[in-house]
2 protein chains.
Amino acid sequence: MTKPAPARGVWPAASTPFRPDLSIDFDLYIAHCRALLKEGAHGLAALGTTSEANSLDLDERRHALEKLVAGGIPADKLLPGTGAPSIGDAVKLTKHAVDLGCRGVLLLPPYYYKGVSDDGLFAFVAEVIKRVNDPRLALYLYNFPGMSAIAWSPELIGRLIKEFPEVITGLKDSSGDVPYQNLLMERFPDFAVFPASEALLLDALKKGAAGCISASANVNAGPISKLYENWQGADIKGLNESVTAVRLTMQKFNAVAGVKAVLADRYKAPDWSRTRPPLVPLTAAQTKELLGELGKLEAGIAA
Amino acid sequence: MTKPAPARGVWPAASTPFRPDLSIDFDLYIAHCRALLKEGAHGLAALGTTSEANSLDLDERRHALEKLVAGGIPADKLLPGTGAPSIGDAVKLTKHAVDLGCRGVLLLPPYYYKGVSDDGLFAFVAEVIKRVNDPRLALYLYNFPGMSAIAWSPELIGRLIKEFPEVITGLKDSSGDVPYQNLLMERFPDFAVFPASEALLLDALKKGAAGCISASANVNAGPISKLYENWQGADIKGLNESVTAVRLTMQKFNAVAGVKAVLADRYKAPDWSRTRPPLVPLTAAQTKELLGELGKLEAGIAA
């Protein structure tokens, strides 16, 4: 058994629907994940921030992955988040994902303690890799300082790549920090960098990005995937503008709740709008505003 | 079975020692916890931030509590941290602590998502209480915005006390925000407020505080407990000054690593200085500086 090929393309950060008792609605979940792949997504970054993974307990996170695979989602199209504040839990989640055959795992830094050193973060990742101890492990660092309050510095990434070249495969960047993304692509040409926003995708691809892992790809997977597939085409400007416009509209609202509001409308399934505490759904007014703005964009594109 | 009496007094945030393979060293751990109680501590806030609880996996957190009780620490002298980013994991840890007979639990807010609303936090706590569903549950809110990046606002605390008067018992405040502490004590007279610093203890007791839950009480439990017991005494000024001086010295260093450096020296057990990634131990130079400063304070008190 060997390491899977690095992920490339558009990987929506698949949203997780909940029933009234807050348990995962697997019918809606699997149907949505299948729809995303059918629309053209190259894979699914399940169980990330948009997926409310950190609002699922550890058993649920493992169970959710198993249900997706049992529901027909190929494991090699899954790039789940397996981060946890403790080494032990991160190892358990990562081992489980590797055993399931997932394409790789997205690892948050241990996000409880703040102001931790690069030495401490290096030791954390090294210990996780040592304990997982599996040649199939492909690890993607998950950079989201807005949530974790801890960033993967280019220096630390360089140390990790040097020490674990077979394991450290890429990074998802949710910071929106373009110079940071460019620096990583320049300094580590074989490292798969995924911006979190499709608004940055076209420029990033020109600099060697692997694709994007996006929250709003939950609601716009087809056009974003088309943008990825055809980015070198002469007539890409219009598609890039419309993809960017949808993204910028989505960004005016809470990412998790906004995606769910759109999916509730699109699938005619009000349950989709439910979030788990501590997150709250959009208000009715916000939902109306968001759907109205998206509707106008669609009409503009159709016109 | 009824709810335990509210905690009062000095509850050190008991530190957790690790073996070279990073597993918990239960011999050192139990001996330390027993020593703290013998020195006069009124109970132990085990498995908090200073205890590196969020660097333990969920199984370890439960196991650690069981080992303490089996090791002779009365369960009603334990106030463990049971917070987790997900409702499910917070419920599992809280149920376990209640079933073990713990005095109460210290609950962090769900600390992954940032910028969450009071409504979302209220829903989180309400769901935890509903699922634990046990009249023995005494819940202490753990306010540490420096780590969790989320604070329990006085308005939210008021809502929680009103909705769950039998459950919401108190709060540990690690923000060091004296006006916030004073406001809580004034507005909620029956609510047990514990500053995290013994430097604030004497003034806080005058305003109705329940005691303190302190990291540095790991290394100074005797004098702090004496301060608590005798705070209304006429000759308390000198003791207050020396307790404060030790605290201010400890505060110059990382709280977790600093406590461990002192315990390694005091117990002649170098293993005590070990931390779990992402935290790192003090350097040799820092350790020397800290021990030197504490030595000078001790000599000054003895003189």
Side-chain angles (χ1 to χ4, degrees), chain A residues 21-24 49 52-61 63 81 83-93 108-128 130-131 144-150 254-257 275-281 283, chain B residues 21-24 49 52-61 63 81 83-93 108-128 130-131 144-150 254-257 275-281 283:
Chain A
D21 69 356
L22 299 181
S23 63
I24 299 172
T49 300
E52 297 171 81
N54 295 305
S55 298
L56 307 184
D57 67 42
L58 299 182
D59 294 330
E60 286 179 305
R61 286 167 72 174
H63 186 57
S86 73
I87 290 168
D89 287 330
V91 167
K92 285 174 197 175
L93 293 171
L108 278 169
Y111 56 82
Y112 180 66
Y113 292 101
K114 303 301 181 283
V116 300
S117 65
D118 274 3
D119 285 346
L121 292 173
F122 181 88
F124 182 94
V125 177
E127 190 70 20
V128 168
K130 184 181 119 188
R131 293 193 191 185
F144 198 171
M147 288 295 163
S148 63
I150 289 166
N254 176 280
V256 176
T275 56
R276 265 199 197 181
L279 299 186
V280 293
T283 62
Chain B
D21 69 357
L22 298 181
S23 63
I24 299 172
T49 301
E52 296 170 82
N54 295 304
S55 298
L56 307 184
D57 67 41
L58 299 183
D59 294 329
E60 287 179 304
R61 285 167 74 174
H63 186 57
S86 73
I87 290 168
D89 287 330
V91 166
K92 286 174 197 175
L93 294 171
L108 278 169
Y111 55 84
Y112 180 66
Y113 292 100
K114 304 300 181 284
V116 300
S117 65
D118 274 4
D119 285 345
L121 292 173
F122 181 88
F124 182 94
V125 177
E127 190 70 20
V128 169
K130 183 182 119 186
R131 293 194 191 185
F144 197 172
M147 289 294 163
S148 64
I150 289 166
N254 176 280
V256 176
T275 56
R276 267 201 194 179
L279 299 186
V280 294
T283 63

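Chain letters run A, B, ... following the sequence lines, proteins first, then strands; residues in each count from 1.
- Closest non-hydrogen pair, A:Val280 versus B:Ser117, comes out as CG1-OG, 3.9 Å.
- Listed for the B:Tyr113 side chain is a donor-acceptor partner under 3.5 Å among the backbone atoms of A:Thr49.
- The heavy-atom pair separating B:Gly120 from A:Pro277 by the smallest distance is O-CB, 3.7 Å.
- Atom CG of A:Asp57 sits about 3.5 Å away from atom NZ of B:Lys92, to the nearest 0.5 Å.
- Here B:Asp89 is the residue among B:Asp89, B:Asp119, B:Leu58, B:Val91 with the most heavy-atom pairs under 4.5 Å with chain A.
- Of the atoms belonging to A:Ala84, not a single heavy atom falls under 4.5 Å from chain B.
- Ranked by heavy-atom pairs under 4.5 Å with chain B, the first of A:Ala53, A:Pro110, A:Pro278 is A:Pro278.
- Within 6.0 Å of atom NZ in A:Lys130, 12 or fewer heavy atoms from other residues, nucleotides or ligands are found, so the atom counts as exposed in its surroundings.
- The most heavy-atom pairs under 4.5 Å with chain B, out of A:Ile87, A:Leu56, A:Leu279, A:Ile150, come from A:Leu279.
- The aromatic rings of B:Tyr112 and A:Tyr111 sit perpendicular, their planes meeting at an angle over 60°, well past the 30° parallel limit.
- Only the side chain of B:Phe144 comes within contact range of chain A, with heavy atoms under 4.5 Å apart.
- The two residues B:Arg131 and A:Asp21 make their nearest non-hydrogen contact at NH2-O, 3.6 Å.
- With a 4.5 Å cut-off on non-hydrogen atoms, A:Glu60 does not touch chain B at all.
- With chain A as partner, the option from B:Val125, B:Leu121, B:Leu108 having the largest number of non-hydrogen pairs under 4.5 angstrom is B:Leu108.
- Separating the OG atom in A:Ser86 from the CZ atom in B:Arg61 is a distance of 8.5 Å, to the nearest 0.5 Å.
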